[in-house]
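Quick notes on the structure that follows.
Order of the sequence lines sets the chain letters (A, B, ...), proteins ahead of strands, with each chain counted from 1.
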2 protein chains.
Amino acid sequence: MPLPTPRTRIQKKNIQTIMDAALGVFSQNGFRGATLDQIASEAGLSKPNLLYYFPSKVAIHRALIAELMTTWLDPLREMDAQGDPIEEILAYVLRKLEMAREFPRESRLFANEIVQGAPNIMDQIEGELKTLVDEKAKVITAWISQGKLAPVDPYHLIFSIWATTQHYADFDAQIQGILPDKGTARFEEAATFLNHMYRAMLRPQIASAAH
Amino acid sequence: MPLPTPRTRIQKKNIQTIMDAALGVFSQNGFRGATLDQIASEAGLSKPNLLYYFPSKVAIHRALIAELMTTWLDPLREMDAQGDPIEEILAYVLRKLEMAREFPRESRLFANEIVQGAPNIMDQIEGELKTLVDEKAKVITAWISQGKLAPVDPYHLIFSIWATTQHYADFDAQIQGILPDKGTARFEEAATFLNHMYRAMLRPQIASAAH
DNA sequence: CGTGTTCCTGACCAATTGGTCAAACCTGAG
DNA sequence: CTCAGGTTTGACCAATTGGTCAGGAACACG
């Protein structure tokens, strides 16, 4: 029985190994496309051994998603209403881009889940996530009404940030197929590009002609 | 044997029915996650009947991808080097957004394929697609050197357009979970937002102070 | 009508799948 | 060393999967 909290160091190690292997397999094949044998093989364990630590395939997936959800939203949480609006948003963009580079598997796991209709995490999207987004949207709206940002829809602004940053993880195969160079330069180029893009669109226009 | 070109009207109709059903199933579950039984059931045909028209599961998938690739790139092809740069790019953005609204299943089919490493279409990405993108990147670069656009990396500009527009199809579940309204307003809002975003970032800055 | 071709199906198959289980194997505290 | 607990595995199972096949049903066309 998989104990709620890992007790022994063996449990800790194996659970970690399994989740790491499962992350790779689920993120590449989606839930239905992934097999326990694949995960077991990737983890260097036997299939019954997997099922000693997790009661079922979905349990592994759920554990992964749960772990991911807690850390995935941190960059957005860090956006500070007290800071300089444009710099705060740009910092958020760059943090998200950094996560796309650092944790592409996590990004793809998420992408797979959402593309398939988010069957397992819709409640968290409509709860935790929506709450956070609503809160930050209010912050952005306040910034706009203070004239510190160009007037844009805060929700779609956030969507565009998710889209443009996660794209570099989720669609990496396509990007690497198109971009001439094959190094990691694409992420640095992306940082420059997104920096320009969001600065340009968020810069408040010259104050209204009337004064 | 599935004849290369559909002959009878029955073939035409059934092949169409199958591909439509397969599009739905593949786009929601990915290739490995989709089953022939599911597709057959969705199409209202028996499984052996599917395999009368297509020799295998991958054949159906290949047919879908092939059909998609031909039309999916049309919006980009239409970008005209002779037109007004900003308007041309914006028209492209809106066409892509329109496709995300009109053909979300096609978008998700594509997304699934790329997220999983584009195993079946990497050659087309590195061939047809790359050629087209290279060509259009040159056009954009020319526009920039004529001072008609702000200087941005043309490749990443195109990536950002793909990301922001397809996001509304691929991640629709998330968007609908977050946005207050549930109608189709999100697409109109997106059009407004993207219009602002790309105009702001592409507008050439005031000519260099020196004159 | 008749008859050759196209279309369709139930029954079947081997391989793979998620999952079980009893028995064997470790491991660490006393 | 011991032995009770945690850990691991080979063998197994029922269900599902992609795919086959022989034959029947529907059609086209003279």
Side-chain angles (χ1 to χ4, degrees), chain A residues 1-65 112-113 116 119-120, chain B residues 1-65 112-113 116 119-120:
Chain A
M1 220 172 302
L3 310 165
T5 312
R7 304 251 156 112
T8 76
R9 75 197 132 84
I10 290 183
Q11 280 177 25
K12 214 174 201 168
K13 184 195 64 174
N14 280 349
I15 287 179
Q16 191 50 52
T17 302
I18 292 170
M19 288 186 61
D20 191 65
L23 176 58
V25 175
F26 279 130
S27 69
Q28 244 191 33
N29 302 98
F31 178 75
R32 293 210 47 190
T35 73
L36 287 180
D37 296 274
Q38 238 179 312
I39 298 172
S41 150
E42 194 92 3
L45 299 174
S46 68
K47 184 167 59 170
N49 206 4
L50 285 201
L51 293 163
Y52 172 72
Y53 290 102
F54 292 89
S56 67
K57 183 185 173 184
V58 297
I60 304 178
H61 191 254
R62 265 201 280 270
L64 273 177
I65 294 275
N112 263 303
E113 183 66 13
Q116 298 177 12
N120 301 312
Chain B
M1 217 173 305
L3 311 166
T5 311
R7 304 248 157 113
T8 76
R9 77 201 131 85
I10 290 185
Q11 278 178 28
K12 215 175 201 170
K13 184 194 66 172
N14 280 349
I15 287 180
Q16 191 48 54
T17 302
I18 292 170
M19 288 187 61
D20 191 65
L23 176 58
V25 175
F26 279 130
S27 69
Q28 244 191 35
N29 301 98
F31 178 76
R32 293 210 46 192
T35 73
L36 286 181
D37 296 275
Q38 240 178 311
I39 297 172
S41 150
E42 194 91 4
L45 299 173
S46 69
K47 184 166 60 172
N49 206 6
L50 285 201
L51 294 163
Y52 172 71
Y53 289 102
F54 292 89
S56 68
K57 184 185 173 184
V58 296
I60 303 179
H61 192 255
R62 264 200 281 269
L64 273 177
I65 293 275
N112 262 303
E113 184 66 14
Q116 298 178 12
N120 300 313

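- The side chain of B:Asn14 places no N or O atom within less than 4.0 Å of a non-bridging phosphate oxygen (OP1 or OP2) of C:dT6.
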Checklist outcome for this item: Expected string for nucleotides 22-30 of chain D under the B/S/- scheme (protein heavy atoms, under 4.0 Å, primed atoms plus P, OP1, OP2 as sugar-phosphate) is ------S--
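- If you take CD on B:Glu42 and CD on B:Gln28, they are separated by 8.5 Å, rounding to the nearest 0.5 Å.
- Remark: A:Tyr53 is in phosphate contact with D:dT8, judged by side-chain N or O atoms under 4.0 Å from OP1 or OP2.
- In this structure, B:Asn49 atom CG and D:dC21 atom P are separated by 17 Å, rounded to whole Å.
- Separation of atoms CZ (A:Phe54) and CG (A:Asn14) is listed at 10.0 Å; rounding is to 0.5 Å.
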Checklist entry - In the 5'-to-3' direction, what one-character label does each nucleotide of nucleotides 12-21 of chain C receive under the scheme B = base within less than 4.0 Å of a protein heavy atom, S = sugar-phosphate only, - = no such atom? => result -----SBBBB
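- Heavy atoms only, all atoms of each residue included: B:Pro119 and B:Glu113 are closest at CD-OE2, 3.5 Å.
- B:Ile60 is not listed as a side-chain neighbour of B:Phe31, based on a closest heavy-atom distance of 4.5 Å or more.
- For A:Ile15 and D:dG6, the CD1 to P distance is 14 Å, given to the nearest whole Å.
- Of the side-chain N and O atoms in B:Tyr52, one or more sit less than 4.0 angstrom from OP1 or OP2 of C:dC7.
- Neither OP1 nor OP2 of D:dG6 sits under 4.0 Å from any side-chain N or O of A:Gln11.
- Here the closest heavy-atom approach between residue A:Leu36 and residue A:Leu50 is recorded as O-CD1, 3.7 Å.
- If you take CG on B:Leu23 and CD1 on B:Ile39, they are separated by 10.0 Å, rounding to the nearest 0.5 Å.
- A:Thr17 contributes a side-chain N or O that, together with a main-chain N or O of A:Lys13, makes up a donor-acceptor pair within less than 3.5 Å.
- Applying the 4.0 Å criterion to OP1 and OP2 of C:dT9, one finds that B:Ser46 has a side-chain N or O inside that range.
- Because its NZ or CZ atom is not both nearer than 6.0 Å to the ring centre of B:Phe26 and within 45° of the ring axis, B:Lys57 does not count as a cation-pi partner of that residue.
- As a whole-Å value, the separation of A:Lys13 NZ from D:dG6 C1' is 13 Å.
- A distance of 10.5 Å separates CG of A:Leu64 from CD1 of A:Ile18, quoted to the nearest 0.5 Å.
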